Amino acid sequence: MNIIDFHLQNFRNYDKEVVTFIPGINTLIGNNGQGKTNIIEGIYYLLTGKSYRVKREHELLKWDKTDFHLYGDFIVKHHKIFLESHYQNNKKRVKVNQVPCQRLSDFVGTINVVFFSPDDLIMVKGGPSERRRFIDLHIAQIRPGYVSLLNAYNKVIQQKNALLKTYNDKSLKNSQLQLWNAQIIELGTKIILQRDELTKQIQKVADQIYMNLTSQKEKLDISYYALGKKNIQDALLEFPDLLNQKMDQEIERQMVLIGPHRDDLQILLDDKPARLYASQGQQRSLVLSLKLGELELIRQEKGEYPLLLLDDVLSELDSFRRNYLIEFIESSHIQTIITMTSAESQLGSGALFQVEQGHIRRER
Ligand SMILES: Nc1ncnc2c1ncn2[C@@H]1O[C@H](COP(=O)(O)OP(=O)(O)OP(=O)(O)O)[C@@H](O)[C@H]1O
């Protein structure tokens with residue numbers, strides 16, 4: 001999967017700019033605050049319908065502007081795909097090959113992308129929601145119905161939360177809560193099974209990559225914990241009882257306390273929780289292994305590597321890991337867009353772009 005041209009209009013610090021990428025490594029260099037990350041963010045937004053930096057699209061608008069427009073030509077399995085995204089009056093419209101998409105889930109996964117920035121280290125040390133986000137984004141890219149499934153589940157959780165907050169009549173509440181619980185079990189089971197399956201797949205590839213990165217010295221183990229349990233079959237069998245047991249507590253705290261929206265991935269390094277013990281270097285190797293594992297799985301599923309976006313990552317890696325990453329990218333022919341400041345050592349191969357105050361110029 002390749003991006004050819006990418007156009008930005010009124011997006012962040014860009015007025016109207018176009019950049020033509022090459023199939024290999026594309027390096028964007030420039031001083032701080034010139035707009036390198038904004039390009040990566042724009043491509044990510046075009047491909048996923050979401051920014052990884054902000055929740056509200058309004059912040060992506062160039063200051064004083066009322067609409068932004070992103071579009072580009074892509075190649076997937078030798079076919080050209082034209083993708084565009086237009087945001088105006090709090091509404092976004094997306095088109096694939098000029099055809100409007102009704103829902104986000106209609107186009108997410110059309111062109112796959114793996115994104116890696118230093119902020120991703122939060123996946124190791126942060127709370128369960130960061131790890132759920134990683135696995136959910138991965139599944140959303142390769143399983144077409146997953147975004148709709150997650151949306152449907154989240155809606156049920158919102159509605160049950162609303163019920164828990166409003167009614168005071170306990171008997172009425174119990175019967176209505178049972179209705180929501182039935183839906184939580186139905187949708188939640190589908191989410192749990194897919195997360196468990198995909199976590200096992202990532203575990204296999206990421207463990208091998210991590211061993212290579214650490215010269216076979218350390219072992220990486222990732223597992224999905226559903227409803228607080230590692231054994232998924234047990235968790236699913238007990239799902240109805242667990243919901244019943246929690247009901248009084250849920251009524252008291254006015255929120256849904258059990259279900260896949262509270263699950264977690266456990267990451268162990270040599271059998272110890274990475275969240276508690278991993279050093280900065282180990283966290284970087286770990287996240288790098290997960291991201292490269294994700295690339296590999298997308299290739300296995302889709303027959304092509306996704307687009308790889310690396311924002312300010314190279315300077316954070318030591319030379320061994322940096323070389324491993326570059327070798328992986330080059331030998332696998334993965335189209336990659338890398339940002340770095342001009343002060344850092346530049347890569348020998350590929351195209352080089354200079355980014356300066358919202359303008360992009362190809363230098364090599
Ligand atoms: N909505 C916006 N409208 C206009 N300009 C914006 C907007 N949001 C951010 N900017 C500007 O974009 C610039 C930051 O761009 P970006 O984050 O891409 O920098 P960068 O080149 O990646 O820098 P660094 O090397 O520091 O990460 C800043 O100058 C900021 O003021």
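Sequence positions, counted from 1, serve as the residue numbers for this chain. Atoms within a ligand are numbered from 1 in the order they appear, just like the ligands themselves. This is a predicted model, so every value here is computed, not measured.
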Q: If I compare all heavy atoms of Y14 with all of G358, which pair ends up nearest, and what's the gap?
A: CD2-O, 3.2 Å

Q: Only counting residues at least two apart or in another chain, list the ones meeting side-chain hydrogen bond (donor to acceptor under 3.5 Å, both in side chains) with Y52.
A: none

Q: Run the side-chain hydrogen bond (donor to acceptor under 3.5 Å, both in side chains) test against T20 and tell me which residues pass, sequence neighbours left out.
A: D5

Q: Ring centroid separation for Y45 and Y87, is it under 6.0 angstrom?
A: no

Q: Under 3.5 Å, sequence neighbours excluded: what are the donor-acceptor pairs made by side chains of residues 288-296?
A:
{"residue": "S289", "atom": "OG", "partner": "S285", "partner atom": "O", "Å": "2.7"}
{"residue": "K291", "atom": "NZ", "partner": "F115", "partner atom": "O", "Å": "2.8"}
{"residue": "E296", "atom": "OE1", "partner": "Y305", "partner atom": "OH", "Å": "2.8"}
{"residue": "E296", "atom": "OE2", "partner": "R299", "partner atom": "NE", "Å": "3.0"}
{"residue": "E296", "atom": "OE2", "partner": "R299", "partner atom": "NH2", "Å": "2.8"}
{"residue": "E296", "atom": "OE2", "partner": "Y305", "partner atom": "OH", "Å": "3.4"}

Q: Quick one, list the residues around ligand 1 where some non-hydrogen atom comes in under 4.0 Å, by chain and residue number.
A: R12, N13, N31, N32, G33, Q34, G35, K36, T37, N38, R53, E59, L61, K62, W63, T341

Q: Name the orientation class of the two ring planes belonging to H69 and Y71 (parallel below 30°, tilted from 30 to 60°, perpendicular beyond 60°).
A: tilted

